[in-house]
Amino acid sequence: MSTKRFVALALVLFTALTAVMTWPQVAHMRDGVHDPGDPLMVTWVLAWVAHQLPRAPAHLFDANIFYPERNTLAYSETLVVPGAVAAPLQWAGVHPIVVYNLVFLSGFALSGVGVALLVRRLTGSAGAAIVAGLVFAFPPYRIDHYAHLQLQQTQFVPLALWAFHRLLDTNRVRDGVLLGACITAQMLSCMYYGLFLVPYMGVVCGTMLIAARSMPRRRLVALVAAAAVVAVSMIPAGRAYLGARVVVGERGRQEVADGSARLRNYLAPPEVNAVYGAIFNRFTDPERRLFPGFAAVALAIVGLWPLSKHEHTKAQRRETAVRLAYALGLLLAFDVSLGFNGFVYRALYDHFLPFRALRIPARMGIMVSFSLAVLGGYGAARLAAAMRTPRAKQIALAAVGALILIEYASKPLPLWTPPLAPPAVYAAIERDRGDSPTAVLFEFPTGHMEDPVYLYYSVFHWQFLVNGYSGFFPPSYQKVVRGVADFPDGASFDMIKSHGARYLVVHGEWLYGARYETLIPQLDRRPDLRLVTRIPWTREDHHSEISVYRIDYSLSLSMPP
């Protein structure tokens, strides 16, 4: 079977399995996300990349949140590659939630296909490759991070290793360029995994280069080409992240320690795991549910089992070196996932600046699953080779694959339904601002879980927001949140006006009790506010209204309510 045909068939298979393993997500592509937090933020990120690339790519990282701060896209994952790949869908008018879910589910399927492609190259067994793909596509870790689209974007991890093996075989510069492109794509898909990939490849690829016992000039040139591609391609993002770091700082040691895994976490699946969720519930810690599956571990052990004394051809010695390399990668990934409870991460945190931006070292657990997938691919190939007939091989591999999927299966997850369209108040702002190309909005209340919803609404109007929601929050916005604690007092309006807000949007659907009804008469009496529109709006079972005011800067900054 040709490689193209294998990839096409694997893509169909993993797409179908993704629909099954994440059910009922595929039935709610337009009206279902995990929750109103990170999924809405990431919907905004994907839409922002598509919006900004054709208009002002030089200002891609100057997103429309936390006004007037710059580099605000770099306060969290930038998702440049997924956003760029999905941009034609956004331009064609596909709903942002549909785009989000397509990108989200593609992370599962493409990650499985990537590992299958890699393991097929290493073992020559298509069946073993599919089994290995299952281990990486559907581990419980992914369900634990169901709200985090960015943490599903692992497809370039196996492709980077696949490109390295090509380079090792051919010594071609174009394969070096391909390797560099895959590493860059992973960094611009999920910076967490891109950074984790660097020490991982340093160990795995370094081991294989040492085992090769020679460094032909062409191979060295190809490796330099790979490094050059990464270095040059990452300059814009690197500058943006460094600029963001000046504003928001870095993760403190205690915060990183809290996100470090412990050995017990590798026995912890999510609570929704259909087989082990209740049994191993006592081992769970937030964002540190790293259970890789017993079948995957068993396959990896089979894959690592030493060759017999009669198996010592040159090809077999090379295979042994590869298996050793991924075994060392497995040990590194496990230790790094332990964060400050291990050894390596302390050095990474102390001596490599980018690692100080990472809050949860336990996320390196996905590289443990990747290592187990590759080693398990060798184990599955050995298992198939032990079978006497082709039919027996198929049955054995199918049984192992089914066992893996059963261990990884989850109960159906509840989904949250986002509004399909924004409130009409934003269209009223568009009409009111006339010829002005953009305006600055301040939306109240702020500083809580309503902010991701404001980001989602901005996908439909793209005005600047004083508000924001991200992995980091700049001090200027934290000051705003504190400054409006007694809204609508004079100090609150001083703060709002100091950020250049032109419109005040008051969301009654987020104000409970009689707060909205008490607030609106006070705002209506202010001479520096002009009512633009007031409309009813419903959020779930909460019926209220939204009011929009234009702020008049011709009056003094501080006005009594």
Side-chain angles (χ1 to χ4, degrees), residues 40 43-45 47-56 58-60 62-70 72-73 90-91 93 96 419-446 450-469 476-477 480 483-484 487-488 492-510 516 519-520 522-537 544-557 559:
L40 293 188
T43 299
W44 164 79
V45 172
W48 171 260
V49 172
H51 169 80
Q52 193 74 346
L53 276 179
R55 290 172 173 82
H59 293 282
L60 175 64
D62 296 325
N64 67 319
I65 61 172
F66 298 128
Y67 186 85
E69 298 289 350
R70 300 190 62 186
T72 52
L73 190 65
Q90 308 267 14
W91 300 335
L420 297 183
V425 294
Y426 298 104
I429 293 173
E430 288 272 339
R431 294 190 296 269
D432 186 76
R433 65 185 175 84
D435 296 333
S436 176
T438 56
V440 180
L441 279 54
F442 176 73
E443 312 212 35
F444 183 85
T446 191
E450 63 272 2
D451 282 335
V453 180
Y454 302 154
L455 266 66
Y456 171 62
Y457 289 158
S458 81
V459 167
F460 301 94
H461 62 73
W462 290 127
Q463 305 307 310
F464 288 106
L465 304 179
V466 175
N467 311 73
Y469 180 86
S476 62
Y477 182 59
V480 168
V484 300
F487 184 86
S492 296
F493 275 87
D494 288 347
M495 179 63 67
I496 293 168
K497 289 181 177 182
S498 71
H499 281 253
R502 181 62 174 164
Y503 291 94
L504 168 65
V505 185
V506 182
H507 290 264
E509 76 274 25
W510 291 106
Y516 180 80
L519 184 63
I520 289 303
Q522 299 178 60
L523 297 177
D524 286 346
R525 291 196 299 269
R526 288 189 66 99
D528 58 345
L529 296 181
R530 176 188 178 278
L531 182 65
V532 175
T533 189
R534 178 170 290 148
I535 66 164
W537 181 249
S544 189
E545 67 181 11
I546 302 175
S547 297
V548 176
Y549 298 89
R550 187 191 318 127
I551 301 174
D552 186 350
Y553 279 79
S554 65
L555 302 176
S556 62
L557 268 179
M559 300 287 299

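The model shown is predicted, which means the values in this text are computed figures rather than measured ones.
Distance CG/L519 to OH/Y516: 8.5 Å, rounded to 0.5 Å. The line from CG of L73 to CG of D62 is 9.0 Å long, rounded to the nearest 0.5 Å. The distance from atom CE of M495 to atom CZ of F442, rounded to the nearest 0.5 Å, is 9.5 Å. Put simply, CG on L523 and CG on D528 are 9.5 Å apart, with the number rounded to the nearest 0.5 Å. Between the NE2 atom of H51 and the CG atom of L60 there is a distance of 10.5 Å, given to the nearest 0.5 Å. Note that the CG atom of L420 and the CZ atom of F460 stand 8.0 Å from one another [nearest 0.5 Å].
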Next item on the list: Given side chain to side chain contact (heavy atoms under 4.5 Å, CB included), test F66 with V466 step by step and report yes or no.
Entry: CA-CA 5 Å; F66 298 128; V466 175; over 6 Å; no

Margin query: Apply side chain to side chain contact (heavy atoms under 4.5 Å, CB included) to residues V480 and N467 and explain how you reach the verdict.
Written below: CA-CA 9 Å; V480 168; N467 311 73; over 6 Å; no

Check: side chain to side chain contact (heavy atoms under 4.5 Å, CB included) between H499 and V440: does it pass, once the steps are laid out?
Finding: CA-CA 9 Å; H499 281 253; V440 180; 5.9 Å; no

Next item on the list: Step by step, work out the side chain to side chain donor-acceptor pair (under 3.5 Å) result for Y503 and E443.
Entry: CA-CA 8 Å; Y503 291 94; E443 312 212 35; over 6 Å; no

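Nearest heavy atom pair, residue F444 against residue L504, reads CB-CD1, 4.4 Å. Heavy atoms only, all atoms of each residue included: T533 and A428 are closest at CG2-CB, 3.6 Å. The two residues A501 and Y553 make their nearest non-hydrogen contact at O-OH, 2.6 Å. What you find for V506 and I520 is that their closest heavy atoms are CG1-CD1, 4.5 Å. The two residues G468 and L455 make their nearest non-hydrogen contact at CA-CD1, 3.9 Å. Across all their heavy atoms, S547 and R534 have their closest contact at OG-NE, 2.6 Å.
Heavy atoms of other residues, nucleotides or ligands lying less than 6.0 angstrom from CZ of R70 number 12 at most.
With sequence neighbours excluded, the residues that form a side chain to side chain contact (heavy atoms under 4.5 Å, CB included) with P419 are W416, Y456, Y457, W537. By the side chain to side chain contact (heavy atoms under 4.5 Å, CB included) test, S492 is found to be paired with V484, F487, D489, residues two or more places apart in sequence or in another chain being considered. Applying the side chain to side chain contact (heavy atoms under 4.5 Å, CB included) criterion to A421, with sequence neighbours excluded, gives no partner residue. Applying the salt bridge (Lys or Arg N to Asp or Glu O under 4.0 Å) criterion to R502, with sequence neighbours excluded, gives no partner residue. Qualifying side-chain hydrogen bond (donor to acceptor under 3.5 Å, both in side chains) partners for R431, counting only residues two or more places apart in sequence or in other chains: none. Listed by chain and residue number, E430 satisfy the salt bridge (Lys or Arg N to Asp or Glu O under 4.0 Å) test with R433 (two or more places apart in sequence, or in another chain).
Using a 4.5 Å cut-off on side-chain heavy atoms (C-beta onward), V548 and L531 make no contact. Proximity of W44 to N64: side-chain heavy atoms (C-beta onward) are separated by under 4.5 Å at one or more points. Counting only heavy atoms from C-beta outward, the side chains of W510 and S544 never approach each other to under 4.5 Å.
For the pair H461 (side chain) and Q463 (backbone), a donor-acceptor distance under 3.5 Å is present. T72 places a side-chain N or O within 3.5 Å of a backbone atom of A63 that can act as its donor or acceptor partner. In this structure, R526 contributes its side chain and Q522 its backbone to no donor-acceptor pair below 3.5 Å. Distance alone, capped at 3.5 Å, places no donor-acceptor pair between the Q52 side chain and the W48 backbone.
With Y549 as the aromatic partner, R530 does not meet the cation-pi criteria of under 6.0 angstrom to the ring centre and within 45 degrees of the ring axis.
Y477 and D451 form a side-chain donor-acceptor contact under 3.5 Å, judged by distance and modelled atom types alone.
Ion pairing between a basic and an acidic side chain is recognised when a charged N comes within 4.0 Å of a carboxylate O; K497 and D552 show no such pairing.
Taking the six-membered ring where the residue is Trp, the centroids of Y454 and H507 are separated by under 6.0 Å.
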